[in-house]
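Please read all numbers here as calculations on a predicted model, not as lab measurements. Sequential numbering from 1 along the given sequence is applied to the chain's residues.
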Amino acid sequence: MKRPVLWTTLSRPIGIWSRTKAFAIDFPQRFKILLRSLGLGLVTLVKQEEPRKILVYRSRLLTLAHCAVHIFPAAASFVLIGLNFQGRFIGEELQGTHFTTDDVKLGSIQVAAKLHELLIVASLSTIIFHVLRLNLIYGHGVPLGFLGSGWTFSQITYFFSPEFWGGALSNSPGLTWKEYLFAPLILVSGLVATFAGPATAVLATPRTSDWPVGGGSYWLNGSEAQLWPRNLDNTAIENYNCSTIEAKIYDPKCPSAGYESLYQHFKTWWQFPDYRSMLEYNMQDYSMIKTIYAAVFQNEYYDTAAWTSHWATAMLQDAKRDLYDNSLVWLRDHYRHDPPYPGYLDVAAKKTFTVQTKIPFVRTACMSRFTIDITDETIASPIPMPFPARTQGWEIARDLEKPYDKLVPYSSQEVDTVAIIQRHFRDRGFFVSEENGNMTLSNDIPAVVAIPMDLPPIAYATGLGIIVLVREASTTTFGCFACAVDSMWTPGKSIIEATRISNGGAHDFRKDRVRNVVTTNSAVRGAAVPMYFDNENVIRIHSGWYELLSPTLPDSVEYGSLRPGRVSSSTSRSLMERLLEVVLYPLFEGPTDGLPSVRSVEYVASAYIADGLSRCGSTIQNNVSGVIGQPSFRSDDSDMARSLVFKGSPEMKGMTAKPDLLKNHDATEMLMTAVFTGYLLAVIGSFDYFAVFVLLFHAAMALSYTVLVFIFDPEIMEALDTIPEMVAMAQNSPPPDNDSLRNTSTGIRSRKTLGRVAIVETSMADDRSDGKEELVLRFQDTARDAGRIPKVGQEYGAIK
């Protein structure tokens, strides 16, 4: 039969090598050495009496078999490190049979990591024993304290033992620098063995973590001054039509559009002390669902504030997210197992799309527990009201020495409000002229009156003040709240999170609607003050913009939120008044008093104004699909899809990527980052890099040892690497000629004793007077006899 071409090609060099001295040992012996090097020596046991054996083999193939214990763990380390540096996202669940839980899979990985650790320890032990045998057989010997180092180096206590330090500090004559390097080798091997287990476990075990997988930039119509204005008045909506009742209540681009949702929230907001540090709830208008966050504390030493997402940022962010999702699905179906492995990305536990932006942060502080009496006499005289004052660092000052009873001890500055109140009451027809010329109050005054005013530039105020008057029944007396509203644009993130079962709706390009909940985060420190305060981002709100936010509308049965209030004859109220009424008169009871009522007023003002500010820049966001590039985007184009879905984080593209629709307009580039959460194999933290270093260091040691032994010194020794073998040799060896091991039957405590040097050499006599075996273990302080060094390839055994 004709032999294969490959066999014919390789047979000649194999035959030549097989006839050399390097291939002198038969295959079964090589196989036995391979098994013993891997810790499977059990299958190499013989049934008959102990045979004579070769101490030192010289064979490259035997060397290669002997070094298998180094090659396997080093190869496993390279594979593990490669997977981690490549980064493999696994998904919500670990791969494998669905009948096995993740706990079982993780446990199996831990077992595999332990096996890898044991292989590393075995590899290091092999190196140590090899050097130890070389020094025993060919070198100037090994200190007594180091004879057991191959078994104990992996125990951290060994390095604090007398044995290690007795051997390391041995000063026996004849030892050279090569023997003295044995102590550092043991120490380094011990450190690697100590950290090999944790390092393998860290790199082999998938952990739940975040993984950046692309995203992209998009553009908002408008400059930063238009999107995040710092000076707001009645021109803020830029000629956008918000004049009808329907627009004021429902049009998401009008500042007042959040009223309907907030009304439903405050109507059922309970008036008992809430000791949570944060409130958050979803509000839905006719374009998106977003989360409003509020700090509402019952502790008088904390401020009340609210913040939410920026509408324009979130609207186009969701449109960009929709393009990303379509690209991911197409890549999953066509390039499932190609980087970045979209088949696994699609089964992430959570998909987070984040845009760094600016969000509105509104804090309201109110002084209360004082009253005013509005009559002919008082309305013609100054009406000073104390408004909270803030510091230059944007914090609300408090007078902690001032006595208070269930009130916030704000420091305050008085402002004369008579002209503001007088003009507001006259404009709304709250004054009734009598025949005698006197003025009386109308019965049509609502239960709660909210009056905006531009605060004078005192005490670092940012502009807007709100006077809240709560009328006592059928009298001219009003309970008062004097509120200062501070607003700013603070750095924050607009976030859309989706799981496999929720919040993954497609963007409605036809009506520009976001079907997913938009959340945000902002760094806020203790007293509800933004972590990143900047006077350059403070918003000055004028009463003109407040009128856009809180227009006065008549009662109407067509709109549930415009139903009649407590005063039936009062048929027109502002939207802010309607919100305040439902919290100051909870469940149709009398008005609340003390701290809860103050916090209620502060909460309503902060949340409503924050929602109104979030809509800044929305009126100029038109044709979202065209601006985002949806008509021309093809998710089935591999290049387009991969421009969004890739490993790593995206970057800004600059003015060259500006859409054609915005070429002649001011525009602002935003960057959306996609981060998926799930099981992950990747190098993330500093300990991961340390784990990589440990495994690479061992691999370098193991492979360097393999190369050096295989090429330069292919001599393999298998004896003296177990305790029984060492004991057997000691039993068949003669005792020392001197008293160097005296008093050691009950232990060794002397560093000098542990520093005695041992060697292995051939016996001096053939009559068993110098030991029963041809090889003996001897302790001596003199130079060794070169003629008694064991020979390569020679069998040794008992003296006949």
Side-chain angles (χ1 to χ4, degrees), residues 20-22 24-25 29 33 50-60 62-63 66 127-150 167 170-182 185 708-709 711-722 725-741 752-800:
T20 64
K21 185 177 181 179
I25 311 300
Q29 180 65 15
I33 291 177
E50 194 69 42
R52 295 171 65 83
K53 293 174 288 295
I54 297 174
L55 176 64
V56 182
Y57 299 100
R58 184 175 182 82
S59 168
R60 283 192 168 83
L62 283 180
T63 301
H66 176 77
I127 295 174
I128 291 175
F129 273 120
H130 182 80
V131 177
L132 184 145
R133 285 186 294 243
L134 285 177
N135 291 339
L136 279 175
I137 297 171
Y138 298 118
H140 294 83
V142 176
L144 176 60
F146 283 161
L147 287 182
S149 59
S170 174
N171 56 0
S172 295
L175 292 179
T176 66
W177 63 272
K178 292 183 179 180
E179 283 79 21
Y180 281 116
L181 286 179
F182 191 45
L185 172 64
L708 290 174
V709 173
I711 295 178
F712 299 105
D713 192 16
E715 295 181 355
I716 296 301
M717 296 158 281
E718 289 191 290
L720 304 178
D721 59 359
T722 66
E725 289 179 351
M726 193 68 74
V727 171
M729 175 168 278
Q731 284 288 93
N732 289 317
S733 301
D737 296 334
N738 50 33
D739 293 333
S740 59
L741 298 182
K752 184 176 180 181
T753 303
L754 292 169
R756 297 292 182 183
V757 173
I759 61 172
V760 172
E761 62 180 11
T762 59
S763 177
M764 297 180 181
D766 296 334
D767 57 0
R768 295 195 172 191
S769 61
D770 190 34
K772 299 179 181 180
E773 295 279 329
E774 293 175 336
L775 296 178
V776 295
L777 180 68
R778 197 184 309 281
F779 290 88
Q780 63 179 37
D781 295 328
T782 60
R784 69 183 304 164
D785 184 355
R788 297 194 177 278
I789 295 177
K791 294 181 174 53
V792 176
Q794 181 172 332
E795 292 185 346
Y796 292 94
I799 297 177
K800 299 178 181 179

Between CG on residue Leu754 and NZ on residue Lys752, distance to nearest 0.5 Å: 13.0 Å
Keeping the roles fixed (side chain from Glu774, backbone from Ile799), state whether a donor-acceptor pair exists under 3.5 Å. no
Determine the minimum heavy-atom distance between Ser149 and Leu132, stating which atoms define it. OG-CD1, 3.9 Å
Smallest separation among heavy atoms of Ser170 and Gly755, with atom names: OG-O, 2.6 Å
Using distance only, find each side-chain donor-acceptor pair of residues 784-793 under 3.5 Å and give its atom names and separation, not counting sequence neighbours.
residue, atom, partner, partner atom, Å
Arg784, NH1, Leu136, O, 3.0
Arg784, NH1, Ile137, O, 3.2
Arg784, NH1, Gly139, O, 2.8
Arg784, NH2, Ile137, O, 3.1
Arg784, NH2, Val760, O, 2.8
Asp785, OD1, Gly787, N, 3.0
Arg788, NH1, Ser763, O, 2.8

Taking C-beta and beyond as the side chain, do Thr753 and Leu741 meet within less than 4.5 Å on heavy atoms? yes
Got a sec, which residues hit side chain to side chain contact (heavy atoms under 4.5 Å, CB included) with Leu708, two or more places apart in sequence or on another chain? Phe712
Residue pair Phe146 / Gly167: nearest heavy atoms and the distance that separates them: CZ-C, 3.4 Å
So Leu775 and Met729, do their side chains get closer than 4.5 Å, heavy atoms only? yes
Side chain to side chain contact (heavy atoms under 4.5 Å, CB included) partners of Glu795, counting only residues at least two apart: Arg52, Ile54
By ring pair (Phe, Tyr, Trp, His ring centres under 6.0 Å), Phe129 pairs with (sequence neighbours left out) Trp151
From Ile711 atom CD1 to Arg60 atom CZ, the distance as rounded to the nearest 0.5 Å: 8.0 Å
Residue pairs involving residues 130-139 (criterion side chain to side chain donor-acceptor pair (under 3.5 Å); sequence neighbours excluded): His130-Tyr705
Results of side-chain hydrogen bond (donor to acceptor under 3.5 Å, both in side chains) for Glu761 - residues two or more places apart only: Arg778
